[in-house]
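Written below as structure tokens is the structure these notes are about.
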Amino acid sequence: AGSVWATCETTAAMATAGIQELMSAENRASQIVSEARAARGERMKEAKREAATVITKIRAEKQAEFDASSQATNNETEFAELKAKSEGDIADMTALFNKNKGSVTNMLVKVVTDVDLELSDTRKLAGKRASGLA
């Protein structure tokens with residue numbers, strides 16, 4: 001009977017050792033998972049920092065390109081050219097107006113004062129029909 005107890009104690013000790021080994025392995029696995037998550041988080045943060053650096057660099061390059069293409073001297077030159085062209089067009093239109101204003105005024109006066117008092121045949125016929133004579 002004593003050997004049965006010894007066998008049971010040995011089996012219980014082995015089971016306890018096995019359970020402790022499983023718990024130890026689970027703790028190690030949990031620690032590995034936590035470290036992996038932390039490392040992944042750090043990699044994500046680093047990737048975001050690198051992306052922000054690249055974006056800042058590209059933004060600065062594009063801004064420099066834009067600034068170079070739209071320098072104030074170019075804008076001033078374009079403005080001066082446009083202003084000169086506009087003033088030339090205005091001068092041409094003013095000269096054309098002054099050249100033709102006399103003849104246009106005479107034409108308007110002639111059209112307004114030259115009234116034909118004769119009725120057309122169509123108007124005469126319409127009048128007759130309205131009065132019941134035709």
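- To the nearest 0.5 angstrom, Asp89 atom CG is 10.5 Å from Thr94 atom OG1.
- The neighbour count for Arg123 CZ, taken as heavy atoms of other residues, nucleotides or ligands under 6.0 Å away, does not exceed 12.
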Run the side-chain contact (heavy atoms from CB on, under 4.5 Å) test on Leu96 and Asp92 for me, step by step, so that the C-alpha distance in whole Å, both residues' side-chain angles and the decisive distance to 0.1 Å come before the verdict.
CA-CA 6 Å; Leu96 189 61; Asp92 291 344; over 6 Å; no
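- A salt bridge links Glu118 with Lys124: the closest approach of a Lys/Arg side-chain nitrogen to an acidic carboxylate oxygen falls below 4.0 angstrom.
- A donor atom on one side chain and an acceptor atom on the other are found under 3.5 Å apart for Arg28 and Ser24.
- Leu125 CG to Leu119 CG: the interatomic distance, rounded to the nearest 0.5 Å, is 12.0 Å.
- The structure places CD of Glu26 at 12.0 Å from CD1 of Ile19, a figure rounded to the nearest 0.5 Å.
- Counting heavy-atom neighbours within 6.0 Å of Glu46 CD, excluding the residue itself, gives a total above 12.
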Between Asn106 and Leu108, does the side-chain contact (heavy atoms from CB on, under 4.5 Å) criterion hold? Intermediate values first, please.
CA-CA 5 Å; Asn106 290 338; Leu108 287 174; over 6 Å; no
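- Val109 places none of its side-chain heavy atoms less than 4.5 Å from the side chain of Val111.
- Once rounded to the nearest 0.5 Å, the distance linking CD1 of Ile90 with NZ of Lys85 reads 11.0 Å.
- Going from atom OG1 of Thr53 over to atom CD1 of Ile58 covers 11.0 Å, rounded to the nearest 0.5 Å.
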Output, in order, the C-alpha distance, side-chain angles, deciding distance and verdict of side chain to side chain donor-acceptor pair (under 3.5 Å) for Gln31 and Asn27.
CA-CA 6 Å; Gln31 183 180 3; Asn27 286 338; over 6 Å; no
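- With sequence neighbours left out, the side-chain hydrogen bond (donor to acceptor under 3.5 Å, both in side chains) criterion links Arg43 to no other residue.
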